[in-house]
Student: 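Sending over a structure as structure tokens; questions will come in a sec.
All of these numbers come straight from a predicted model, not from anything done at the bench. Counting convention: from 1, in listed order, for ligands and their atoms alike.
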Amino acid sequence: MKKHAIIPIFIPHQGCPNDCVFCNQKKITARQPDMSRDEIINTIETWLSTLTGRPGIETVEIAFFGGSFTGIPLEKQSEYLAMAYSYKTQGLIQKIHLSTRPDYIDEKILDNLRAYSVDVIELGVQSFDDRVLKASGRGHDSASVYRACRLIQAYGFELGIQLMIGLPEDSKESCLYSAKEAAKLGPSVARLYPTVILKDTRLMELYESGSYLPLEEAEAVEITKEMYKLLTAAGVNIIRVGLKSSDLIQNEKEVAGHTFHPAFRQLVEGAIAREKMLRLLEEEFLSGRQPEHAKITFYSSPNWFSNMIGHKGCNKAYFASKYPHLNFRYKTHPLTDGSIAIAVAGEGHLVVK
Ligand code: SF4
């Protein structure tokens with residue numbers, strides 16, 4: 001049951017002076033006017049009416065997305081924040097959430113966010129590797145990331161960190177380094193985005209000229225899986241893995257390369273589930289034996305059942321073909337999300353990983 005609901009308000013950063021190679025927002029927002037006060041109120045009211053009475057929802061957040069909320073003029077920030085704040089003081093929402101860049105954080109900005117009772121500040125960090133940041137045209141370095149994260153935490157805000165996978169000059173090592181550095185900073189939440197090549201971006205030009213080689217889907221899944229494991233082991237809640245088709249993508253035909261997959265999170269969590277299932281089977285049961293026709297049952301929580309089965313049943317197919325002499329079944333069990341258990345008929349116990 002989903003306990004958390006987010007009311008997304010997209011605030012484009014009109015006139016953004018930066019040149020991130022992967023960004024198509026400047027082209028999109030050039031064609032889009034700012035959201036009016038009425039449009040924002042309408043959006044919030046519509047969401048609230050659909051959420052009212054929905055069982056299990058404990059926290060509702062108004063979230064200002066668009067990348068650089070604190071890069072817009074302070075008066076405009078205050079105008080948007082005042083609307084969210086009035087819903088919070090009436091008890092209609094519980095949290096105010098926004099996303100921005102590390103170099104758009106300072107004391108004056110944070111004082112203003114605190115005055116409007118903002119709860120969560122997510123930073124588009126993308127990488128902790130200065131070579132990657134430079135090659136991606138981010139316009140900030142890793143020192144500004146550490147400084148912004150520490151300042152946000154010193155003010156008592158919840159910190160969110162967004163990382164990208166497969167940017168120019170990136171490697172598996174630099175992605176894992178970024179995940180480790182992010183984990184050390186102790187954010188509450190994180191998002192992991194494999195780089196997607198969008199139309200109307202510098203990255204598309206680099207791709208078309210052959211100067212940028214995107215990751216293959218399997219590589220992107222493998223790297224993201226390891227980052228996911230590092231962050232969750234540090235207690236970070238990963239609230240997004242991969243872009244949704246509705247995010248920045250108007251039309252899937254506007255995407256090149258192989259790194260966009262609408263179910264990317266399931267690919268990553270399915271790979272994690274498969275790894276655990278393999279380890280359980282090999283270490284806890286087979287241990288070098290080759291038993292014929294043993295009945296093996298894998299268990300997961302109801303929420304993780306589709307990950308255990310794998311995208312389009314790929315984990316089921318994998319085990320059936322790798323171990324044709326064994327019989328597999330898949331069931332739900334009241335385990336924590338992400339845990340997998342195994343039981344073997346006749347051996348009467350359940351081992352959990
Ligand atoms: S991603 Fe970069 S270029 Fe695009 S709006 Fe954000 S800061 Fe500006």
Student: Quick check on the hydrophobic clustering: are Phe285 and Leu280 connected, directly or via other members, by side-chain heavy-atom contacts under 4.5 Å?
Tutor: yes
Student: Please work out which of the three classes, parallel, tilted or perpendicular, describes the rings of Phe65 and His97, given edges at 30° and 60°.
Tutor: perpendicular
Student: Lys172: what forms a salt bridge (charged side-chain N to carboxylate O under 4.0 Å, His left out) with it, not counting sequence neighbours?
Tutor: Glu222
Student: For ligand 1, which atoms sit closer than 4.0 Å to a heavy atom of Arg101?
Tutor: 7 (S)
Student: Does Lys76 have any salt bridge (charged side-chain N to carboxylate O under 4.0 Å, His left out) partners at least two apart in sequence or in another chain, and if so, which?
Tutor: Glu79
Student: May I ask you to list the atoms of ligand 1 that are less than 4.0 angstrom from any heavy atom of Cys16?
Tutor: 3 (S), 5 (S), 7 (S), 8 (Fe)
Student: Is Cys23 close enough to atom 8 (Fe) of ligand 1 that one of its N, O or S atoms comes in under 2.8 Å?
Tutor: no
